[in-house]
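Below, each value reflects all heavy atoms present in this structure, side chains not excepted, and no hydrogens, waters or symmetry copies. Given the structure is predicted, the values throughout are model-derived calculations rather than measurements. Each chain gets a letter, A, B and so on, in the order its sequence line appears, and its residues count up from 1.
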Amino acid sequence: MNSEQVRKIFLEYFTKLGHTVVQSSPVVPLDDPTLLFTNAGMNQFKDIFVGKIACPYEPPRAASTQKCIRVSGKHNDLEEVGKDEYHHTFFEMLGNWSFGDYFKQEAIQWAWELLTEQYKIPPEKLWAAVHYDDKESAQIWKNIIGLDERKIVRCGDEDNFWEMAETGPCGPTTEIHYDWGEKFDPDQSALPNSSPRFVEVWNIVFMQYFRNPDGSLDPLPAKNVDTGMGFERLVAILQGTRDDYSTDLFAPMIDTIAEISGHRYDENDRIRMAFRVLADHIRALAFAIADGALPGNTGRGYVLRRILRRAARFSRILDIHKPIVWKLVSPLIDKMGPIYPELLEKAPVITHIIKSEEERFGKTLDYGIELFEEIADRVISAGENEISGEDAFKLYDTYGFPLDLTRLMASERGLTVNMDEFEGLMEQQRQRARSTGTFSVEHQKKQDWIKITDGEDSYNLCYETESTEAEIRLFRRLSDDKIEIVLSQTPFYAESGGQIGDTGKIYNKFYNLNVIDTRYEGEHIVHICAADNAGQSMNILENIRAHPQVKAEIEHQRRDAIRKNHTATHLLHRALRSVLGTHIRQAGSMVAHDRLRFDYTHYETPTIDQLEKIERIVNEVIQNNLPVSTQITSYQDAIDEGAIALFGEKYGSKVRMVKINDFSKELCGGTHIDSTGKLGLFLITDEQNIGSGMRRIEAITGLTAVHYAQSIRRKWSEIKRKLSATEDEVLDRLDKLFDELSDIRKKQEKLSDARAETTAENLLESALQIEQSKVIISKVTVRSRDELLKIVSDLEKNVSSGVILLGAVLQDGKVAFVCSVTEDMINSNNIKAGEIVRQVATVAGGSGGGRPDFAQAGGNNPKKLDSALKLAEKIILHKIRN
RNA sequence: GGGGGAUUAGCUCAGUUGGGAGAGCACAAGCUUUGCAAGCUUGGGGUCACCGGUUCGAAUCCGGUAUCCUCCA
């Protein structure tokens, strides 16, 4: 049975049992900052389990094959991958769920039937594990399934109790294990969860309790089922192999690696491990990149980079020293593309990104090797045999050079690495990150809500109206002058989907609250208000309690501008895709009243031609004045119609689709203008790189765009006026000016050189000759410090023995000295330029220094220049005569 | 989010207690030579990333910004 059939049977089986087949959520959960990667099938149902949203399925059952990546946090398998036949960074999880619907009996029975009847696994190969407190499950296994009592194993919390977090839903689990037989463990008393003879196939979680902060358990009113079956493991069992990597899932990559390297998968343990690492890591990389992640130096990008580098390092075990990982993209996509079309769609991007990342790593390695050689040479020439932990750490921390390579190269040169010191530094690094990282999130404990009136709250009218009568439901004080209000119903749009919250006012004849922002808190729409004046805010709570009836009204003009910008964002998104390619994915968006910002994934800088084309397309659509409409439909219908859905965004069963005629269809909860003509004008104001593979466009519309154009025109006229040039002449004029400037600078320099030369000649003639040596001490007139230096260097050419000291007053009114002493004078007369210059400069209110043969100094007092030079003469002549 | 590092000629990079901006390659001209990775001579090319501070004086020290590399979370 091949892997495609295994997947198909699973989904068809649960469909027949009334489950809604839910498509795998992206492996990169863009909306959940607590999670780097989707690591279990239940991730996308989290909000249903904790009661944040209602279950959208009827009956409330679901099934899926979920793409998962486990490389960080609690489940960090990265360093394990390759060592054995079943650890993976990327894997698929088959699962079925009940949201307050069926419970233990059905869940167990269906799992059993699927394995034994559909997949035809011999029942005698299967064992069960249950929590020792879970009598019900044990009964079901024994009486309903008819499993031999001997094969029902009781385990503790560690194996068979599941908790989502410190608090929240939790409950016992039951597992189904596959028995590989005695050859994997001859011990007759071997049991699941403790012997290699058994492999866990299916984990079934019964969420029946709620864990309170004090540790106690309360029964949940609605009990849930959450199951997960490791797909790769199941396929291995059905294909009769213990090794996941020997299944058809990995065969294309294993074959390709063999072809490229000339090695065989089963050659030896070392080679096998390298094969596994490469075959595994390419899957995590390709899927993560397909879902919009990119290698980088923070967050999930950094995890990706580490995965890729681990793969690249292992390729060297196969004697491959050139980028190879990217070559595995194509066999992977041949195998998985038909099931996960996002791979097919993004194939060129995936290949490009992996390849360039590998090349970058090559550079990092090369540079690291150079640095290592320097360090090693230093250690050896110092007669030592250990590379300090500090050096190893620096190589790793600053230059990204892998520790294992440092150790390998060290041992090749007979050196060791101080690992204790390295670990110590590493620990310090972790401490630093921990101490600053997390606690900024939770430091702010907000005051509790105060209930004002009873009833449903936050009925959303933002699409229908801009003002309404309402009742205040909840109240909370934020600070002395800020309060938060929740209304029975509201026309205010709460910040979401990148669109900023509305402003406006909530008022009646007793008080007036200015709404400065609107946000979601769970399902509540919270209006953040500044009270009209401070005096009023003092007793605002009493006021509200007495008069909860209000009128809520948004600021019309601002919302109107936001609408335009939001519609413009959709137009931009669509235009980007048609100009740059369909791999463009929205990576973030901000829609404000005065501008819009759109972050997107793209691996190179768009050309100015492309940007102009994008801008033109958007403006054409504006001029064609296309109608903008919204309709509520089912998610599937919208997708079938070709609507763009945001990756990682959660959608209920009913979604809102914003259509701009036939030009753009996008799922969106924001507010829009009703026809594109109202945007008037669309201008891109900025395009920049915001991280590897991520770019940002900022743009404006409507009157803001007109103002912008006007301000540019104003500056443009100013430029033309100042250059006395017509529009066509401006650039030429600038070129000419720059050329002239450069000419003048050069001429000036030549002039200065010539002046210096003349001055030097004159000074040479008037030099004081003492025996073989010349002494030149003089005040000169120069324009710059450079000219002074030039004179001295001219003199040096003609003075084979002697002392030169020149002083001058510079244009800024400061004094400068330069002194040069020939080698013989330093030795025989102990005249040092540095010392002289310092003594001299002190007189002129400054200081200086330099080498014995050449020094400079300066001072602030030009009046003292002459007396300073006199002092110099005295010192120098004294030294020469003695 | 928090560290460490980098940014100097078109390219690769030197530049040590702060004191005359350099090398190799590339480019241009000339010479030599019918030895192929040519040699020699000469020359052009720099706001030392940007902004501010300290100083008589900053590529160099300090602070900030930008971009890139890298580690930790």
Side-chain angles (χ1 to χ4, degrees), chain A residues 33-34 36 72-73 76 295-303 305-306 309 357 359-368 370-371 374 390-403 422-423 425-441 443 605 688-692 738 741-742 745-746 749 756 784-797 804 806-810 812-820 832-834 836-838 840-862 864-865 868:
Chain A
T34 65
L36 282 180
S72 59
N76 191 347
N297 51 8
T298 54
R300 59 176 70 97
Y302 180 52
V303 175
R305 176 164 285 172
R306 278 214 307 232
R309 293 186 170 192
E357 181 67 19
E359 282 161 358
R360 177 175 290 177
F361 184 50
K363 280 187 193 161
T364 301
L365 283 186
D366 290 344
Y367 192 54
E370 246 177 75
L371 291 170
E374 278 175 31
E390 204 183 325
D391 281 335
F393 182 72
K394 183 145 191 158
L395 275 174
Y396 177 68
D397 181 63
T398 302
Y399 300 102
F401 196 65
L403 177 67
F422 180 90
E423 285 301 334
L425 289 165
M426 206 66 196
E427 189 47 40
Q428 279 175 29
Q429 159 97 306
R430 286 192 198 104
Q431 287 295 340
R432 261 201 308 272
R434 236 174 269 142
S435 60
T436 49
T438 42
F439 65 71
S440 58
V441 184
H443 70 281
T605 313
Q688 57 174 332
N689 187 299
I690 54 164
S692 61
F738 281 126
L741 184 65
S742 148
R745 277 193 185 143
K746 273 179 210 154
E749 205 178 322
S784 67
R785 200 177 294 273
D786 278 347
E787 200 172 309
L788 191 61
L789 286 168
K790 182 77 173 72
I791 298 171
V792 174
S793 91
D794 278 347
L795 283 171
E796 279 175 339
K797 284 176 204 153
I804 302 159
L806 300 184
V809 178
L810 299 177
D812 58 2
K814 284 179 176 172
V815 185
F817 299 99
V818 176
C819 180
S820 171
K832 289 179 182 155
I836 304 239
V837 111
R838 195 170 302 120
V840 170
T842 311
V843 177
S847 69
R851 304 189 306 263
D853 65 312
F854 184 89
Q856 301 180 45
N860 288 323
N861 195 346
K864 296 283 179 120
L865 175 56

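Between the CD atom of A/Q856 and the CZ atom of A/R785 there is a distance of 6.5 Å, given to the nearest 0.5 Å. Here CG of A/L789 is found 10.0 Å from CG of A/L806. Values are rounded to the nearest 0.5 Å. Rounding to the nearest 0.5 angstrom, the gap separating the CG atom in A/L365 from the NZ atom in A/K363 is 12.5 Å. To the nearest 0.5 angstrom, A/C819 atom SG is 12.0 Å from A/R851 atom CZ. The CZ atom of A/F422 sits 4.5 Å away from atom CG of A/L403, with the distance rounded to the nearest 0.5 Å. Between the OG atom of A/S793 and the CD1 atom of A/I804 there is a distance of 9.5 Å, given to the nearest 0.5 Å.
Side-chain proximity of A/K394 to the nucleotides B/G3, B/U70, B/G5 is greatest for B/G5. Here the side chain of A/R306 is nearest to one of B/C69, B/A73, B/G4, namely B/A73. Proximity note for A/R309 (side chain, C-beta onward) versus B/U70, B/C71, B/A21: the nearest is B/U70. Nearest nucleotide to the side chain of A/T398, out of B/G4, B/G20, B/C56: B/G4. With B/G20, B/G3, B/U70 as the choices, the nucleotide that has an atom nearest any side-chain atom of A/R432 turns out to be B/G3.
Remark: A/K790 engages A/D794 in a salt bridge, criterion side-chain N to carboxylate O under 4.0 Å. With salt bridges taken as basic N to acidic carboxylate O contacts below 4.0 Å, one links A/R430 and A/E427.
When the C1' atom is used for both B/G22 and B/G45, the distance is 14 Å, rounded to whole Å. Separation of the P atoms belonging to B/U55 and B/C62 is 16 Å when rounded to the nearest angstrom. Rounded to whole Å, the P atom of B/C50 lies 15 Å from the corresponding atom of B/A58. Taking atom C1' in both B/U12 and B/G4, one finds a spacing of 24 Å when rounded to whole Å. Nucleotides B/C56 and B/A66, compared at atom C1', are 32 Å apart to the nearest Å. Spacing of C1' atoms, B/C48 relative to B/A59, comes out at 5 Å, to the nearest Å. B/A49 and B/G5 have their C1' atoms separated by 15 Å, with the value rounded to a whole Å. For the C1' atom pair drawn from B/A9 and B/C25, the interatomic distance equals 12 Å after rounding to whole Å.
B/G20 atom P lies 16 Å from atom CD1 of A/I791, rounded to whole Å. A straight line from CZ of A/F361 to C1' of B/U70 spans 12 Å, rounded to a whole angstrom. Following rounding to the nearest Å, A/L806 (CG) and B/G20 (P) show an atom-to-atom distance of 15 Å. Across the protein-nucleic acid pair, A/D786 atom CG and B/A58 atom P stand 12 Å apart, rounded to whole Å. Rounded to whole Å, atom C1' of B/G57 lies 11 Å from atom CG of A/N860. Rounded to a whole Å, the NZ atom of A/K790 is 16 Å from the C1' atom of B/A21. A/R305 places its CZ atom 16 Å from the C1' atom of B/A73, with the value rounded to the nearest Å. Between A/L810 atom CG and B/G19 atom C1' there is a gap of 14 Å when expressed in whole angstrom units.
Across all strands shown, A/G400 has heavy atoms under 4.0 Å from sugar-phosphate atoms exclusively, and none from any base. Nucleic acid contact for A/G849: base, since at least one base atom lies under 4.0 Å from a heavy atom of the residue. When heavy atoms are screened at a 4.0 angstrom cut-off, A/R785 is found touching the sugar-phosphate backbone but no base atom. Among the heavy atoms of the strands lying under 4.0 Å from A/E796 is at least one base atom, whether or not backbone atoms are also near. Among the heavy atoms of the strands lying under 4.0 Å from A/A857 is at least one base atom, whether or not backbone atoms are also near.
Within 3.5 Å, no donor on the side chain of A/T364 pairs with an acceptor on the base of B/C69, nor the reverse.
Residues A/Q856 and A/Q429 both approach RNA chain B. Their nearest nucleotides, taken by heavy-atom distance, put A/Q856 toward the 5′ side. Residue A/A855 is the one, among A/A855 and A/E357, whose nearest nucleotide of RNA chain B lies closer to the 5' end (criterion: closest heavy atom).
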(message) As a check on the pairing definition, encode RNA chain B in dot-bracket form, counting Watson-Crick and G-U wobble pairs whose two distances are under 3.5 Å, and using | for partners outside this strand.
(response) ((((((((.[[[[.)...(..]]]].(((((.......))))).....[[[[[..)....]]]]]))))))).
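A/F854 does not qualify as a stacking partner of the B/G19 base, lacking a centre-to-centre distance under 5.5 Å together with planes within 30°.
The main-chain N or O of A/G848 is found under 3.5 Å from a side-chain atom of A/R838 such that the two form a donor-acceptor pair. Remark: the backbone N or O of A/L395 is not paired with any side-chain donor or acceptor of A/T398 at under 3.5 angstrom.
Environment of CD in A/E390: sparse, with no more than 12 heavy atoms of neighbouring residues, nucleotides or ligands closer than 6.0 Å.
Between A/K363 and B/C69 there is no side-chain polar atom (N or O) within less than 4.0 angstrom of OP1 or OP2.
The minimum heavy-atom distance linking A/F817 with A/A868 is given by the pair CZ-CB, 4.0 Å.
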Can you check nucleotides 6-12 of chain B for protein contacts, nitrogen or oxygen pairs under 3.5 Å, and list what you find?
none

